[in-house]
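As structure tokens, the structure follows; a few thoughts come after it.
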Amino acid sequence: MAHYLKAKAVPVNSASPQESVSATVKSVIENIRSEGDSAVRRYSQKFDNWSPTSFKLSKADIENIISAVPEQTLKDIKEVQSNVRAFAIAQRNSLHDFELEIQPGVHLGQKNVPISSVGAYIPGGRYPLLASAHMTILTAKVAGVSNVIGCTPPISGKIPNATVAAMHFAGADEIFILGGVQAVAAMAVGTESIRKVDFIAGPGNAFVAEAKRQLFGEVGIDLFAGPTEILIVADEHADPFTIATDLISQAEHGPDTPAVLITTSENVGTETIRHVNQLLQHSKLSTADIATTSWKAFGEVITVPTLDDAYALADDYAFEHVQIFTQRPREALEKMSHYGALFLGEKTCVSYGDKVIGTNHVLPTRKAARYTGGLWVGKYLRTVTYQEVTSESASGNLGRLCGRSARAETFEAHARSGDLRASKFLGDNFEW
Ligand code: NAD
């Protein structure tokens with residue numbers, strides 16, 4: 001039913017790169033766990049050629065760095081952060097604590113309590129991804145996290161000034177110029193100079209995603225937000241040039257970026273391929289090399305008979321970003337459920353979501369959208385419960401129920417906690 005106008009090139013030895021990433025990450029984590037800062041320094045030198053006296057920026061460092069950022073960039077950071085903040089506050093306000101009297105004298109409650117300390121990873125190996133600072137740090141602060149450490153790598157041996165400004169304005173309590181696995185591991189296990197956190201958030205490359213996977217349990221993590229993905233669903237009215245532009249906008253992220261078009265129109269499919277190839281070959285795009293590598297290996301253009309087929313196939317891909325270029329784009333809200341974020345209609349695009357619009361850009365990849373949404377205020381909150389029984393008869397009745405229920409599971413000591421209360425409040429016989 002689905003016809004491939006362009007299939008992805010199946011990577012040769014596709015299993016081995018992931019195995020070697022996993023082995024590298026394992027040994028970095030082990031060594032940081034046993035040696036602390038000296039291993040952090042060694043790996044930072046090895047992977048990023050970066051070994052300053054201190055990885056942590058002082059207040060004075062931060063002020064100097066911000067003063068070197070162009071005024072317009074600072075204004076833009078603040079404008080974008082106000083969009084991200086407004087949406088995050090609305091999300092926070094959508095979460096309500098509540099208490100319910102489930103039967104007379106039995107009170108059950110739920111509260112949303114912020115995590116105490118968070119490590120936010122702001123990627124920057126290839127590009128200064130300053131928008132990730134808004135998404136991770138600012139959102140944590142709106143949730144009420146009191147201690148947020150931010151780590152971002154140097155880029156070609158230099159501090160990414162605008163990223164530091166964004167981290168500072170987002171409310172980071174401490175900022176470290178430190179990247180990759182060494183940053184994630186140091187925040188997760190703690191070293192002499194980096195405090196251990198309870199939770200790590202933020203996107204990153206395959207090494208960062210694998211480090212979070214291996215450390216999960218020891219710390220909480222937001223989600224697997226690995227190399228980005230874009231999928232566009234288009235009908236025959238969609239503009240192939242706009243589709244090509246948006247596919248390339250994500251393909252430039254890295255050489256491993258899947259970019260997929262599913263369309264009901266063969267003409268839209270072939271025209272999109274023509275435009276992508278032409279733009280990559282003949283425009284003066286500074287990131288054309290990366291985007292071309294990525295498009296050749298992971299680009300796909302697929303035709304399907306109907307829009308329903310397109311939605312079903314797109315749902316199966318469960319991609320991070322999905323753009324809908326059809327006459328009734330809102331229909332996708334009903335027809336689809338597996339995606340990190342939906343972009344409805346040609347007037348919006350993934351780049352808006354990535355950089356400016358205000359929804360969070362830290363989103364699930366590699367089919368994680370089947371079981372989680374993206375980063376949001378709620379990920380920084382622990383939903384905890386409490387109970388109070390204020391009536392003696394209610395406690396006695398629960399005690400009898402507990403005694404029977406626990407014995408059905410052969411939990412004798414549990415049963416006696418119930419028996420004791422049934423005896424105290426209802427006069428049942430009880431002996432230890
Ligand atoms: P990054 O900060 O994630 O990774 C850079 C670090 O990787 C370096 O500091 C280095 O220490 C480490 N590294 C590089 N090569 C290594 C090696 N061979 N061995 C060990 N460590 C190594 O930055 P990046 O590489 O530019 O990647 C950013 C990624 O984040 C992209 O793939 C992008 O698609 C993704 N992203 C995802 C989302 C999402 O929500 N899913 C959002 C934004 C960005």
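FYI, side chains are in, hydrogens and waters are out, and symmetry mates aren't considered; it's all heavy atoms of this structure. The first residue in the sequence is number 1, and the count goes up from there. First listed ligand is number 1; within each ligand, the first listed atom is number 1. As the structure is a computational prediction, the values presented were derived from the model and not from experiment.
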Check: What pairs with Tyr4 under ring pair (Phe, Tyr, Trp, His ring centres under 6.0 Å), at least two apart in sequence or on another chain?
Finding: none
Check: Can you name the one residue among Thr293, Asp289, Thr292, Thr287 that meets side chain to side chain contact (heavy atoms under 4.5 Å, CB included) with Leu280?
Finding: Thr292
Checklist line | Residue shell around ligand 1, heavy atom under 4.0 angstrom | finding: Phe47, Asp48, Tyr121, Pro123, Gly124, Gly125, Arg126, Leu129, Pro153, Gly179, Gly180, Gln182, Pro203, Gly204, Asn205, Phe207, Val208, Ala225, Gly226, Pro227, Thr228, His253, Glu320, His361, Val362, Leu363, Thr365
Item checked: Qualifying residues under side chain to side chain donor-acceptor pair (under 3.5 Å), relative to Thr264, sequence neighbours excluded -> none
Next item on the list: Is it possible for you to check whether Lys212 lies under 6.0 Å from the centre of the six-membered ring of Phe224, through NZ or CZ, and within 45° of that ring's axis?
Entry: no
Margin query: Check the orientation of His321 and Phe343. Use parallel for under 30°, tilted for 30 to 60°, and perpendicular for over 60°.
Written below: tilted
Next item on the list: Could I get the full list of ring pair (Phe, Tyr, Trp, His ring centres under 6.0 Å) partners for Phe207, not counting sequence neighbours?
Entry: none
